[in-house]
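Taking it in order: structure first as structure tokens, then the write-up.
Chain letters run A, B, ... following the sequence lines, proteins first and then strands; every chain starts at 1.
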Amino acid sequence: MYAKVIVDIATGQTNRAFDYQIPASLEMLARPGSRVTVPFGARKIQGFIWRIEDKTELARVKPITDVLDPHPVLTQELLELGEYLAVETVCFLITAYQSMIPAAIRAKPKKKIELLVSTETLPPVLQAVFQKQTTIDWKDLPDDKAVMQHVQEAVRHEQIRIDYQVKDQTKKQTKRMLKLHPEHRTHAASLTAKAKKQLELYDWFLSIGDEEAAVPAAQLLHEQTASRAVIQGLVEKNILMERNQESYRDPFEDRSFEATPPQELTRDQQRALDPITEKTSREKHHTFLLHGVTGSGKTEVYLQAIDRVLQQGREAIVLVPEISLTPQMVERFKGRFGDQVAVMHSALSRGERYDEWRRVHAGDAKVAVGARSAIFAPFKNVGLIIIDEEHEGSYKQEDHPRYHAREVAIWRGIYHGAPVVLGSATPSLESYARAGREVYQLLEMPERINQKQLPAIDVVDMRDELHKGNRSVFSETLLEKLKDRLEKGEQSILFLNRRGYSSFVMCRSCGYTAECPHCEITLTYHQTKHQLKCHYCGYEEAMPATCPSCESEQIRYFGTGTQKVEEELTKVLPEARIIRMDMDTTTKKGSHEQMLRRFGNGEADILLGTQMIAKGLDFPMITLVGVLAADTMLHLPDFRAPERTFQLLTQVSGRAGRDKLQGEVVIQSYSPDHYSIQFAKNHDYPSFSRHEMGQRKRGGYPPYYYLTMVNVSHEEIGVALKTAEKVTSRLREELSPQAKILGPTVSPIARIKDRYRYQCMIKYRDEPELTKILNDIAVHYQKETAQDKLFITIDMYPQLFL
DNA sequence: GGTATGACCGCT
DNA sequence: GCGGTCATACCT
């Protein structure tokens, strides 16, 4: 038998299957989707078996070295999905497959040299290198010609051997388990009365009453106060037996989850649930758009739909934007489905993520809740896929493979005959338009479950505040309302939108702004280190004391950070207890969750934060939401800016008044009349959508046109431009006349890491040949891109335009 | 991505 | 004629 293997080398030349012979000893293990190690040239590398066939066209093939897992890591479905992704997103097959498995088992080959003879027989140079070790890492070798020569010599004389190891990056954890030896009764005779502790432990084991019961050694040490020596004694006497058992790391080990029984559904909820369960029970794919206002109880609909699917013996995938942002979501899922839930998320350690993935892979978990990549959960019988907050930009992966989780979800839904539910209070215009054309089925939940009104929204014109002489970040209105909540003992959220509003450095005297020497972008000021940093290449420099251009001392940083707001807040409301949540305060693992818990327990009056507090928080005591600068991202050069602003304002507003108390929202803005802000104020999604659709139609943007962005960059500006022109003219020739090809134009960021960037935008409605042409272009420039001189990136549904 | 290979160059 | 460097082809 022969295996067609996709090797772990992401280049154009190796983007195809290589044939290997399957040795008889591995025939049982080698299956499509198995991870394998194979010889490749002089090396040993990792790969995936793609297909198994009984013949090969090659005269001589090498055998597979090893199969790495007892069960294939990729299912037949995922193998096929990878092929689809590679074509649709223009990436290598191996890149698609690697993105489907946890980082812990992604290939990371190591080159080592192994000593075959005793040290003394080596030349002195190598003796010094090896010292007392028998194997050393290749990268630890001194970069020295003489040493290298000796190494080659020694390899020829078979004194040392070069060894390629392909190891997982994280080990499976094992637990030491102890149980009674099958013949413990016969051996028990050797226990004398002198071994008091051993007798005690033996008796304890007998008292369990189950001869087969295995107990973790750790438990014996803690709860039975048995010492290591006591256990060892019984093992040596063949009374106890020990064995290492693979175990899962449990990221929620020290947490218990309160059971959350199914709630009675409102009429809206029931009307949303019925069409979904109608499809799940018939195992039919269908895409639903669940449009429910904030607080309308979408999660309960998800939970009950999942429950039906589990009863059918099928599995469910739930995507959430970033789960650490919504610990409450995890609680509700764990509370309803307990251990059947696997949480897959970036805040977990690599080992924990691996183990949650393994629980899904082994069939021990039936519901996968996680961020974008959880869409690849290796289930075999998916019955339902849910994407919560479907409008979120984070469902699009911004590096290879540049997939959108929504499209992957629909692909898997069709494969399994499983419905896909897209849920949001503010659906993306793309999805809403598809629902309008009945490509998706629209389910509406226009009312909150508690019959509460949506919070009243007050838009404050900050220009007026300035005229009144108020130079603080808080308007009078907001400050008054904050004081009011403080007196009543109610809670407030203050939201500072920082996107497109970072702190930059400018000289007040000559207008100089600090820029990165490698990228055409302003440097960002970091208060913690008092440094200037480039967000694109990582370049850092110290904050200058005087202006490098005119030597004036009037060089200052601008922009408002949460830290500054906090300082000001403590000045005007000294008695308020404040929790600040941003990138700086939530870096430590679990700190995020802990802060939210403290806020939930009423240990603070005001929660101040950035994007991360905009979504999913559900605390009954929040009655006031303040948005400090609503329009910071309104004026970014991005056609989605108004949509993002509307979504964000609606989401944050939705945090207020979710329980018995009525909520209120204050939005501070310098452009209060902008339609995004006005429609958000009136909770009027349909009108916003209609208005924005008009704008998109005029501009030729999605959902009227699809977009694809091709970006070309090179160290030499001439080569970059020339190549971009060639690519553009080729697209003009080969696409239909209906397609609009814009460019090439200079990128909004004209230079990154010393490379000049040009881009070409394709606007189109129906171009079945497009992906083929783009793949051809990628192959055509393969040589240049392989040499790392020319970069061509192709992004099928770009979210960002920088 | 890493390695073997052969062309090319400068020095003997 | 030879060692060193560099671009390039190839890997089953």
### Cationic N near anionic O, under 4.0 Å, Asp355(A) to Arg359(A)
no
#### Entry: Atom of Pro702(A), atom of Glu430(A) and distance for their closest heavy-atom approach
CB-OE2, 3.7 Å
### Query
Ile45(A) CD1 to dT3(B) P: how many Å, rounded?
12 Å
### Message
Nearest whole Å is fine: how far is dA4(B) C1' from Ile162(A) CD1?
### Response
13 Å
### Query
Hey, do the aromatic rings of His404(A) and Tyr797(A) have their centres closer than 6.0 Å?
no
### Task
Mind running a 4.0 Å heavy-atom check of residues 60-68 of chain A against DNA chain C and sending the residues that fall below it, in number order?
Val61(A), Lys62(A)
### Message
Rounding to an integer number of Å, can you tell me how far Lys789(A) NZ sits from dT8(C) P?
### Response
7 Å
#### Entry: Nucleic acid contacts - residues 11-33 of chain A versus DNA chain C, non-hydrogen atoms under 4.0 Å
Gln13(A), Thr14(A), Arg16(A), Phe18(A), Asp19(A), Tyr20(A)
### Gap between atoms CD and P, on Gln152(A) and dT3(B) respectively (whole Å)
11 Å
### Query
Tell me, do Lys763(A) and Leu707(A) make a side-chain contact under 4.5 Å, heavy atoms counted?
yes
### Task
Please step through side chain to side chain contact (heavy atoms under 4.5 Å, CB included) for the pair Ile52(A) and Lys4(A), ending with a clear verdict.
CA-CA 6 Å; Ile52(A) 289 182; Lys4(A) 302 210 165 270; over 6 Å; no
### Query
Atom CD1 of Ile6(A) and atom C1' of dG1(B): how far apart are they, to the nearest Å?
16 Å
### Query
Looking only at heavy atoms, what is the nearest atom pair of Val360(A) and Pro378(A), with distance?
CG1-CD, 3.5 Å
### Side-chain donor/acceptor of His400(A) to backbone N/O of Arg402(A), under 3.5 Å
no
### Query
Okay, side chain of Asp137(A), backbone of Lys139(A): is any donor-acceptor separation there less than 3.5 Å?
no
### Task
Kindly say if Tyr164(A) contacts the phosphate of dG1(B), meaning a side-chain N or O under 4.0 Å from OP1 or OP2.
no
### Message
Using a strict heavy-atom distance below 4.0 Å, which residues from residues 89-115 of chain A are in contact with DNA chain C?
### Response
none
### Task
Round to a whole Å and report the spacing from CD1 of Ile9(A) to P of dT3(B).
10 Å
### Message
salt bridge (Lys or Arg N to Asp or Glu O under 4.0 Å) for Arg161(A) and Glu114(A)? Distances and angles first, verdict last.
### Response
CA-CA 5 Å; Arg161(A) 186 175 67 195; Glu114(A) 202 179 332; 3.0 Å; yes
### NZ or CZ of Arg755(A) within 45° of Phe791(A) ring axis and under 6.0 Å
yes
#### Entry: Face-on cation placement of Arg16(A) at Phe18(A) ring, 6.0 Å and 45° thresholds
yes
#### Entry: Between P of dA9(C) and CD of Glu784(A), the distance in whole Å
12 Å
### Query
Atom CD of Gln787(A) and atom C1' of dG2(B): how far apart are they, to the nearest Å?
15 Å
